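The first residue of the sequence shown is numbered 1, and numbering continues consecutively from there. Since this is a predicted model, take the numbers as computed values, not measurements.
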Amino acid sequence: GIITLCDLNTPSSVEELSPYLDAVVIQVSSVSPRSVELTAGRGLSTFFYLPSFGSYDTGHDAAFHRVIPGWFLPRNGTRGIYYFAYQLTVGDPCDELDGNHRDWCAAYPPASGESLLRPSPEYQGIRRGIEDLRLVYLVRSLAVRCQESGDVMLGQRGQSALAKLEAILEQVEPSGPAVIQQIHHRLDTYATERWRAELLEEVGGMQRALRGK
């Protein structure tokens, strides 16, 4: 249903051009609570975009690309993510370490005799992030069911699960520049695994309680 869409990266550009648009796309490093608030207040769908390829740090890129869809997206209030990619290889595109920078690829050609492309570390991180995002929405869905059940104990369990989720999301910076700095320099390596485990515990508890009602 989107007819007009524009890439806008400042609150002032949103203010000026939003009357003519159905949706706004913001570069991840320009996402801010103010811009998201402005677009939402004008009834616009808001997305952000970033490259799906990496830089020099294979492990950190995978972690970065997991946090962005899994935790930053539900934190900042936008509707979705655009990913883009291009290929920039040095030497053998299947060998990450044979040049002066990584091969910036979303997927790699198959080895001899294989038919399937090999996903890059970034793509694997994105996949894990999507799984985390589905878990976030599952917690919200089950919590609503608990609260609408009419059972006081179930309602309290749903409220507790939502409080746990919000406490996790509040640990993620809501703006693009801040979250990029947080992921690369301050976020514990295993934070996302702990968050996933905590939410899975909430999901299991709500499912058991709903079945027993």
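Closest of all the heavy-atom pairs between Leu44 and Ala23 is CD2-N, 4.4 Å. Nearest approach of Gly70 to Val136, heavy atoms of both residues: O-CG2, 4.0 Å. Across all their heavy atoms, Ala85 and Phe53 have their closest contact at CA-CD2, 3.6 Å. Of all the heavy atoms in Ser35 and Thr10, the pair that sits closest is OG-C, 4.1 Å. In terms of heavy atoms, Ile126 sits closest to Pro69 at O-CG, 4.1 Å. Nearest heavy atoms, Leu21 versus Thr4: CA-OG1, 3.2 Å.
Other residues, nucleotides and ligands place no more than 12 heavy atoms under 6.0 Å from the CZ atom of Arg79. Around CZ of Phe84, the count of heavy atoms belonging to other residues, nucleotides or ligands within 6.0 Å exceeds 12. Within 6.0 Å of CD on Glu201 lie no more than 12 heavy atoms contributed by other residues, nucleotides or ligands. For Glu16, the CD atom sits in a loose shell: 12 or fewer heavy atoms of surrounding residues, nucleotides or ligands are nearer than 6.0 Å. Within a 6.0 Å radius of CZ in Arg134, no more than 12 heavy atoms belonging to other residues, nucleotides or ligands are found. Counting heavy atoms of neighbouring residues, nucleotides and ligands inside a 6.0 Å radius, atom OH of Tyr108 exceeds 12 of them.
When hydrophobic clusters are built by joining Ile, Leu, Val, Met, Phe, Trp and Tyr residues whose side-chain heavy atoms come closer than 4.5 Å, directly or via intermediates, Tyr137 is grouped together with Ile130. Criterion: ILVMFWY side-chain heavy atoms under 4.5 Å apart, direct or through other members. Under it, Ile3 and Tyr20 are not part of a common hydrophobic cluster. Leu200 and Val67 end up in the same hydrophobic cluster when Ile, Leu, Val, Met, Phe, Trp and Tyr side chains are linked at under 4.5 Å.
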Residues Arg75, Gln171; criterion side-chain contact (heavy atoms from CB on, under 4.5 Å); working and verdict: CA-CA 9 Å; Arg75 169 69 165 125; Gln171 297 177 56; over 6 Å; no
Test log, rule salt bridge (Lys or Arg N to Asp or Glu O under 4.0 Å), inputs Glu198 and Arg194: CA-CA 6 Å; Glu198 291 175 19; Arg194 289 199 304 272; 5.4 Å; no
Ser149 and Asp151: CA distance, side-chain angles, deciding distance, side chain to side chain donor-acceptor pair (under 3.5 Å) verdict: CA-CA 5 Å; Ser149 67; Asp151 184 283; 5.3 Å; no
Test log, rule side-chain contact (heavy atoms from CB on, under 4.5 Å), inputs Gln27 and Leu50: CA-CA 6 Å; Gln27 185 184 33; Leu50 70 159; over 6 Å; no
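Looking only at side-chain heavy atoms (C-beta outward), Val31 and Val36 come within less than 4.5 Å of each other. By the 4.5 Å heavy-atom criterion applied to side chains, Ser52 and Glu122 are not counted as neighbours. Between Thr192 and Trp71, some side-chain heavy-atom pair lies under the 4.5 Å cut-off. Val14 places none of its side-chain heavy atoms less than 4.5 Å from the side chain of Leu17. Looking only at side-chain heavy atoms (C-beta outward), Val25 and Leu8 stay at 4.5 Å or farther from each other. In this structure, the side chains of Tyr83 and Ile68 come closer than 4.5 Å at one or more pairs of heavy atoms.
Summarising the geometry, atom CD belonging to Gln182 is positioned 5.0 Å from atom CD belonging to Glu173; distances are rounded to the nearest 0.5 Å. In this structure, the separation between CD1 on Ile183 and CZ on Arg66 is 12.0 Å, given to the nearest 0.5 Å. A distance of 6.0 Å separates OG1 of Thr46 from CD1 of Ile26, quoted to the nearest 0.5 Å. Between Glu193 atom CD and Asp188 atom CG the span is 11.0 Å, to the nearest 0.5 Å. In this structure, CG in Leu38 is found 7.5 Å from OG in Ser18, a value given to the nearest 0.5 Å. One distance of note links CG of Leu162 with CZ of Arg157; it measures 13.0 Å at 0.5 Å rounding.
Ion pairing between Glu131 and Arg196 holds under the 4.0 Å rule for side-chain N and carboxylate O.
Between Phe72 and Phe48, the angle of the ring planes goes over 60°, which puts this pair in the perpendicular group of the 30/60° scheme.
For the pair Asp98 (side chain) and Asp92 (backbone), a donor-acceptor distance under 3.5 Å is present.
No side-chain N or O of Trp195 forms a donor-acceptor pair with one of Asp132 less than 3.5 Å apart.
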